[in-house]
Structures are given as C-alpha cells and as structure tokens.
Amino acid sequence: MKYSIDIETVCGVKTCKGYNTVHQCPHDHALHHIKNKITKIGIYWRLKDNTEKFKSFDSINDFKLFFNDLPKENMELIGQNFKFDIKTLRAKGLFISKDLWSDDTRCMAIALSDKIPEKWLMFYNIKRNSLNKKLGKQIHRVAGKYSLKTLAPYHLNIEPFWENEDHSDEEYLFLDCKYTYNLESVLKRKLEEENTYEFYKDKLLKWEKMLYEAEYRGIRLDLNKMSELEIKYKNKEIDLLKQLDKELEKYNKLYAKKERQKLYEKYKNMYYNAVNKIKEELKEEKESKLKLKYKKLLRSALQKAPKTISFSSKSQVAWLFEECLGYDITYKKREKGKEIIKKGVGKEVINRLLLENKPYVKLYKEYSKTNKLNTSYFPSYKEKLVDDILYCSFNIGGTKTGRLSSSNPNLQQVPADLKEIFIAREGYKLITKDMSGIEPVLIAYLSEDHNLCNLLINGDNFHNYVTKFLVEYVNCDTSEVKKKFKAERDLCKVVDLSLFYGSGKNRLKTTSILHGFNWSDADCSFKIKLFKEKFMGAFKFKENLDKHLEKGLSVTNIMGRKLKIPDKDDVYMTGFNSLIQGSASDLVLESGARILEEKDLHPLLLVHDELVIEVPDNTQIKENEKKIEEKMTNYTLQSCHGVIPLQVEGNISNHWEK
DNA sequence: AGCAGGGCGATC
DNA sequence: GGACGATCGCCCTGCT
C-alpha cells in the first residue's frame with residue numbers, strides 16, 4: 001500500500017523570538033529537526049476502489065499509534081523532500097525504516113532532465129508577490145523549482161495553492177499529501193519516458209537516504225577548542241581594529257566630517273522639498289515650523305552619525321584607500337562578455353596593493369579575515385549547536401551543475417583553520433579522504449585525450465606535468481617538479497584546470513601576478529596555445545560537447561545523471577564544467593552510499609571531492625580505512641589508452657583533517 | 001523597518 | 001569573438 005506523508009513544523013525554541021510561529025524565526029528553526037516543533041502530520045492513501053483516505057494528527061503520539069498499527073508488508077512511503085520529514089519524526093521519537101521510504105518526488109524532479117522553464121517560475125513568483133502585497137507581509141516565500149508548490153501546478157495542471165498564515169490549515173495539508181501522491185506516478189512516467197528512472201531509483205534516492213543518515217547523525221565539535229579559538233580571534237580583531245584606528249585617526253576625522261556634510265545636504269533637501277509642497281498662502285506661518293522640525297531631525301541624526309570608519313564596510317574602505325591614500329583600486333571584470341573597469345577592495349585589488357607595498361593594506365586584509373571568522377562562523381555554529389553536535393542540510397538538487405550543496409550551516413566552506421574543531425565522538429575517529437585530482441581523471445576518461453590519459457596511467461601528477469611544459473625552462477623529471485619549482489607549480493595548480501573550462505589569457509595573467517610572476521600578455525597567450533595543443537583531444541571533446549549542448553540536447557554524466565544547459569549562451573562556459581564537476585560530485589555521493597552499506601561506517605560530510613567518515617576507534621580501524629579507499633576507487637574508468645586509475649588521499653585522525 | 005541587490009569571501 | 005565554474009552567508013546600502 002502506498003501512503004504519502006507530510007509534516008508541518010514551526011520554530012520550537014522557547015527562548016527564540018520566533019517560537020511557535022512560522023516565517024518570523026530568524027534562524028529557520030522550523031527546519032532544524034531537533035529545534036523544530038511538529039504542528040501537523042498528514043497521511044494520504046487510496047483504497048482499491050480509488051476512494052481517497054486522509055488523516056491528520058496534531059500530535060506525534062497519536063500519529064505514532066496510528067502508524068505503528070498499519071501493516072508494514074508492501075508498505076511504500078512517498079514524500080516530498082522526505083529526508084526532512086523522516087529526520088524530524090525520528091528526532092521526535094518515531095523511527096521509520098529507510099526501506100519503507102520508496103519514493104521522493106523532489107528527487108524525481110531533480111533526476112528529470114526536463115525542468116520547469118524559467119519563464120513559468122517567473123509567472124508563479126509574480127502571483128506570489130501580488131498575494132504578499134495584498135497580505136501586506138512577505139508571508140509566502142520564494143518557491144524553488146523543486147518545491148511542491150511549483151512542481152504540483154506544473155506537472156499536474158492544477159492551480160497554484162497556498163497555505164494560510166499559521167501552517168495549520170487542514171485543507172492545505174490534505175492538498176500537500178494528495179499532490180505528492182499524484183506527482184509520484186506522473187513523474188515516474190516522465191522519468192521512464194526519458195530513461196532516467198533507473199538513475200533516480202538506483203542512485204539518487206539511495207544517495208538521498210545516505211545524506212539523511214549523515215544529517216541525522218551530525219558532527220561533533222570540540223567546544224573547548226572552539227571557545228579557545230573564538231577568544232583568540234576576538235582579541236585579534238580588537239587588536240587590529242585598535243591599530244587601524246590609531247594609525248588612521250586623521251582619516252577617521254575626515255570621514256566623520258564627510259558624513260556630517262552628507263547629513264546637512266540630506267536634511268536641507270528634505271526641508272526645501274517640504275517647503276515647496278506648501279501652498280503659497282500658508283508659506284509664511286509654516287516655513288519656520290518646518291525649519292525647526294528639520295533642524296531637530298538633523299540634530300538627532302548627527303548624534304547617531306558614525307565617528308569612525310567602519311572597516312567591515314567595503315565602500316568606506318574603498319573611500320579611504322582611494323580618496324585619502326590615493327591608491328588605485330580599479331580592477332577589470334567581465335560582465336556579459338564585455339570587459340569593464342570596476343572599483344573595489346576585493347582580493348585582486350588588495351593583493352596587488354600588497355605587492356606594491358602600500359601601507360595599511362596588510363593590516364586591513366588581516367582585519368577582514370578575522371572579522372569574517374568572528375561574524376559569520378562562530379556565532380552561526382554556536383546558535384545551531386545541540387549540545388556538542390552540529391547538524392547541517394545537504395541539498396542534492398541545489399546546483400545547476402549537479403554538485404551537492406550544504407546549508408544551515410554550510411559545512412562545505414569551513415575555513416581550513418577551523419577544521420580542527422570538528423572532532424569524532426567518544427570511541428570514534430574521523431577518516432578524511434579526498435579524491436585528489438578527480439577532475440583531470442574524469443576529463444581524461446570522458447575525452448580519451450592521448451596525453452592526459454597516458455600521464456595519468458603512468459602515475460604522473462597532472463599539476464607537475466603541466467608545470468613542466470607551461471614554464472618553458474623546466475626540464476627535469478616530472479616527479480621532481482614539486483621540489484624544484486614549487487612557486488611555479490603552485491601557480492599552475494590553481495589555474496591549470498580552469499584552462500580546460502574556458503579561462504583565457506587575462507585569467508592566467510592575473511593569477512601569475514598574484515603568485516609573484518609577471519607573465520606578459522604575449523607569454524600568457526603562448527602558454528594557452530601550448531596547453532591547448534598538448535591536450536588537443538580534450539579541447540576537441542569540449543568543442544563537440546558544446547555543439548551538442550547548444551542544440552538543447554542532453555548529455556549523461558558518468559553516474560547516469562542527465563544534464564541540459566537551458567540557455568545556449570551559457571554552454572561555452574558551463575557545459576563542460578558541469579559535466580565534469582557533476583560527475584565528480586556524483587562519484588563521491590555513490591562512494592558515500594557504498595560506505596554507508598558497510599557496518600559501522602558513518603559518512604558525515606561530503607565536500608565536493610572529499611568525504612569525512614566516522615568510524616569506531618578499534619582494532620578494525622586500519623581495515624575500515626582500506627575498505628573506504630576501496631569503495632572510493634572501485635570504479636573502472638576504461639579508456640582506449642587503458643584504465644585510468646583513481647587515487648585517494650587522507651588520514652585517520654581525531655579531527656577533520658585539512 | 002524591512003526588503004532586494006551588490007560586493008565580497010569561504011570552500012571546492 | 002571571448003569568457004573558468006559552482007555554492008552559501010554576511011554586511012552594507014539604497015529604496016519604499
């Protein structure tokens with residue numbers, strides 16, 4: 001028997017100002033399986049004669065009683081983004097076996113290469129906005145292309161539907177369940193029609209279940225270490241700020257003056273505008289009143305006006321560097337194919353100024369980094385922790401390329417310096433393994449490029465190889481490059497892959513400057529020519545791929561995922577990139593799922609080409625490490641030049657290894 | 001006051 | 001003809 005299930009949740013943190021309400025919680029606690037609170041649970045099914053059955057529950061206990069009484073043999077559960085529901089139910093005491101989870105309409109929509117057109121989504125959002133306008137509040141949030149709110153109207157030919165303000169609407173819950181139930185069969189047919197049903201069922205759904213386990217388990221933080229680091233960086237920030245304020249005192253005064261000037265102008269204009277609106281005959285009596293009013297407003301505004309430069313404001317720092325210190329803060333940027341000159345204090349400008357030995361730049365750079373850690377990492381982690389466990393969400397359909405993404409918090413962008421606070425549970429260790437050099441391997445496998453295949457089959461390192469021929473004078477054994485030409489290799493390492501994906505001489509030049517080399521334009525052009533000749537096969541492959549994608553046709557990646565580029569103008573820059581990065585990501589997902597099938601191995605984090613796995617700290621650990629390596633490399637990448645080997649790197653440790 | 005959008009930086 | 005790409009989240013700013 002098929003059932004579709006849906007739950008409604010709200011913020012469940014009593015001390016939070018969003019407690020028990022939807023949409024107001026600033027931390028999205030409604031989405032946190034431990035910090036949320038279930039308000040309704042709905043279950044929908046159909047009898048043999050097709051009559052609809054629907055039941056809803058206000059409490060988990062009532063639902064539990066009902067659910068436990070249902071016959072489990074041949075039970076099939078369907079959900080929309082069911083990962084969230086099954087996780088939340090489990091956290092509240094109802095464990096549902098993964099085996100009963102038979103379909104996920106969100107995953108189905110992700111696997112379907114036929115996506116909802118952008119235009120359709122636009123119309124949907126216009127409707128949503130006008131509804132919000134009527135309500136006077138942003139009640140209805142953006143519905144993504146994989147949410148039920150857009151999938152159901154699009155695939156089932158029904159009118160868009162909306163929940164009421166408190167999410168407790170019985171009717172809405174019923175529709176949610178019913179549409180999920182109906183979507184399953186429609187999407188199944190569509191997947192079968194385009195031959196992606198197997199990919200969905202055997203791969204994507206399996207991966208989603210693995211992610212569910214990873215999310216449910218969460219990762220432990222070393223709280224002592226964290227507060228130690230937090231204090232360290234707090235003090236560092238205060239220190240740096242003191243230095244900046246001291247050294248730049250006169251500019252602080254200048255800035256305060258400028259801001260005051262701006263306020264004078266602002267309130268002067270407001271005053272004149274107000275005066276102009278008065279009818280001629282009333283002018284005399286009202287004018288003086290207005291003058292007083294705006295004087296008063298100006299006075300209070302002046303009191304609140306900033307007295308020092310805020311170094312976390314890019315525009316203020318830009319003003320300081322350009323107007324006060326006379327630095328050149330321009331940089332080139334491409335927008336819609338055109339090169340434009342922009343101003344800013346981003347990485348590129350800062351690094352150039354550093355090379356020019358401009359004062360204060362180093363100080364500012366350090367301050368920015370510290371400020372970033374203090375404002376966007378520690379507070380976010382602390383707010384999301386449950387005891388010492390941190391939970392994130394993985395989004396399998398979050399990206400255009402097929403890559404995985406992470407949010408709440410995003411554990412795929414943890415700064416290297418903070419990785420040491422991520423630790424194993426008592427009695428466990430963490431094994432960090434990354435599939436180093438996975439992208440060149442996939443490019444070799446898919447394009448069968450002669451040189452690329454051979455160098456990898458020989459066991460040579462891609463970056464070493466590139467360094468050797470890109471830096472003309474290098475003529476040594478490939479294995480010696482890393483030692484003898486470290487700076488050159490570091491430069492090549494950050495730019496070589498991008499050359500496959502379409503980066504050009506400007507990119508090469510900027511990168512060379514960042515690495516302390518000043519390669520000329522001609523030099524860069526020449527090097528790119530060399531690179532293209534060396535890997536002619538790969539570029540030929542890209543050319544053909546682009547032609548194919550530009551026709552609007554789809555390609556299948558290494559794991560069976562179908563990929564289309566909706567806008568043909570995007571193909572040149574994103575087509576090849578998506579195929580390779582999506583394949584790499586799927587390879588890691590598949591590896592994670594295979595690892596989970598083994599006893600006692602718990603994948604926790606997936607970071608594009610890297611897995612962090614929690615394993616028991618016992619005598620089996622070395623064997624387990626071998627097992628993990630085997631799961632990550634046991635793919636046969638057969639090319640016409642031979643089998644291309646996959647390699648993994650990484651260690652067993654108490655914490656997440658850099 | 002609250003939202004949208006730009007700029008930026010962390011990761012791969 | 002020429003262009004690396006993909007995220008998430010924070011801060012600031014300008015608009016209504």
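Letters A, B, ... mirror the listed sequences (proteins, then strands); counts begin at 1. Keep in mind the model is a prediction, meaning the values are calculated, not measured.
- Distances shown here put every side-chain N or O of A/Ser376 at or beyond 4.0 Å from the OP1 or OP2 atom of C/dC11.
- The CD atom of A/Glu348 sits 11 Å away from the P atom of C/dC4 (whole-angstrom rounding).
- Following rounding to the nearest Å, A/Asn395 (CG) and C/dA6 (P) show an atom-to-atom distance of 16 Å.
- For the pair A/Thr574 and C/dA6, the criterion of a side-chain N or O lying under 4.0 Å from OP1 or OP2 is not met.
- Checking C/dA6, C/dC12, B/dT11 against the side-chain heavy atoms of A/Pro415 singles out B/dT11 as nearest.
- Remark: the A/Tyr445 side chain and the A/Ser583 side chain contain no N/O donor-acceptor pair separated by less than 3.5 Å.
- A salt bridge links A/Glu420 with A/Lys225: the closest approach of a Lys/Arg side-chain nitrogen to an acidic carboxylate oxygen falls below 4.0 angstrom.
- Closest to the A/Lys342 side chain, of the nucleotides C/dC4, B/dG7, B/dC12, is B/dG7.
- Residue A/Phe394 contributes atom CZ, which lies 13 Å from atom C1' of B/dT11 at whole-angstrom precision.
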Note to self: Would A/Tyr391 and A/His33 count as a ring-ring contact (aromatic ring centres under 6.0 Å, His included) here? Give the steps.
What the structure shows: CA-CA 9 Å; A/Tyr391 303 90; A/His33 63 293; 4.7 Å; yes

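- Listed pair A/Ser312 / C/dC12 meets the phosphate criterion, a side-chain N or O lying under 4.0 Å from OP1 or OP2.
- Contacts of A/Ser578 with the nucleic acid, taken as non-hydrogen atoms under 4.0 Å apart, are absent.
- OP1 or OP2 of C/dG14 has not a single side-chain nitrogen or oxygen of A/Lys262 nearer than 4.0 Å.
- Among the nucleotides C/dT7, C/dT13, B/dT11, the one closest to any side-chain atom of A/Ala416 is B/dT11.
- The phosphate of C/dA6 (OP1 or OP2) has a side-chain N or O of A/Lys400 nearer than 4.0 angstrom.
- Within the nucleic acid shown, A/Lys365 has no heavy atom closer than 4.0 Å to any nucleic acid atom.
- When heavy atoms are screened at a 4.0 angstrom cut-off, A/Ser406 is found touching the sugar-phosphate backbone but no base atom.
- With salt bridges taken as basic N to acidic carboxylate O contacts below 4.0 Å, none links A/Glu265 and A/Lys262.
- In this structure, A/Lys333 places its NZ atom 17 Å from C1' of C/dG2, rounding to the nearest Å.
- Closest to the side chain of A/Arg507, from the set C/dC4, C/dT7, C/dA6, is C/dC4.
- Contact annotation: A/Ser315 reaches the phosphate of C/dT13 (side-chain N/O to OP1 or OP2, under 4.0 Å).
- Using a 4.0 Å heavy-atom distance criterion, A/Tyr331 is classed as a sugar-phosphate-only contact.
- At a threshold of 4.0 angstrom between heavy atoms, the contacts of A/Val345 are confined to the sugar-phosphate backbone, with no base atom among them.
- Between A/Phe500 and A/Phe576, the ring-plane angle classifies as perpendicular under the 30° and 60° cut-offs.
- Of all nucleotides listed (C/dC8, B/dC12, B/dA10), B/dA10 comes nearest to the side chain of A/Lys369.
- Residue A/Ala584 is classed as having no contact, given no heavy-atom separation below 4.0 Å to the nucleic acid.
- Ring-base stacking between A/Tyr572 and C/dA3 is satisfied, the centre separation being under 5.5 Å and the plane angle under 30°.
- At a threshold of 4.0 Å, the pair A/Asp521-A/Lys509 counts as salt-bridged, since one of the basic side-chain nitrogens sits closer than that to a carboxylate oxygen.
- Contacts of A/Tyr377 with the nucleic acid, taken as non-hydrogen atoms under 4.0 Å apart, involve only primed sugar atoms and P, OP1 or OP2.
- Atoms CG (A/Leu411) and P (C/dT7) sit 18 Å apart, rounded to a whole Å.
- For A/Ser407, no side-chain nitrogen or oxygen approaches OP1 or OP2 of C/dC8 to under 4.0 Å.
- Of all nucleotides listed (C/dT13, C/dA3, B/dG9), B/dG9 comes nearest to the side chain of A/Lys347.
- When the side-chain nitrogen and oxygen atoms of A/Lys343 are compared with OP1 and OP2 of B/dG7, none of them lie within a distance under 4.0 Å.
- In this structure, the CD atom of A/Gln413 is 11 Å from the P atom of B/dC12, given to the nearest Å.
- Distance A/Lys314 NZ to B/dC8 C1': 5 Å, rounded to the nearest Å.
- When the C1' atom of C/dG2 is taken as reference, atom CG of A/Leu499 falls 15 Å away, rounded to whole Å.
- Within the 4.0 Å cut-off from OP1 or OP2 of C/dA6, not a single side-chain nitrogen or oxygen of A/Gln412 is found.
- Aromatic ring orientation, A/Phe535 versus A/Tyr465: tilted (interplanar angle from 30° to 60°).
- Each of C/dC4, B/dG9, C/dT7 was ranked by its minimum atom distance to the side chain of A/Lys372; first place goes to B/dG9.
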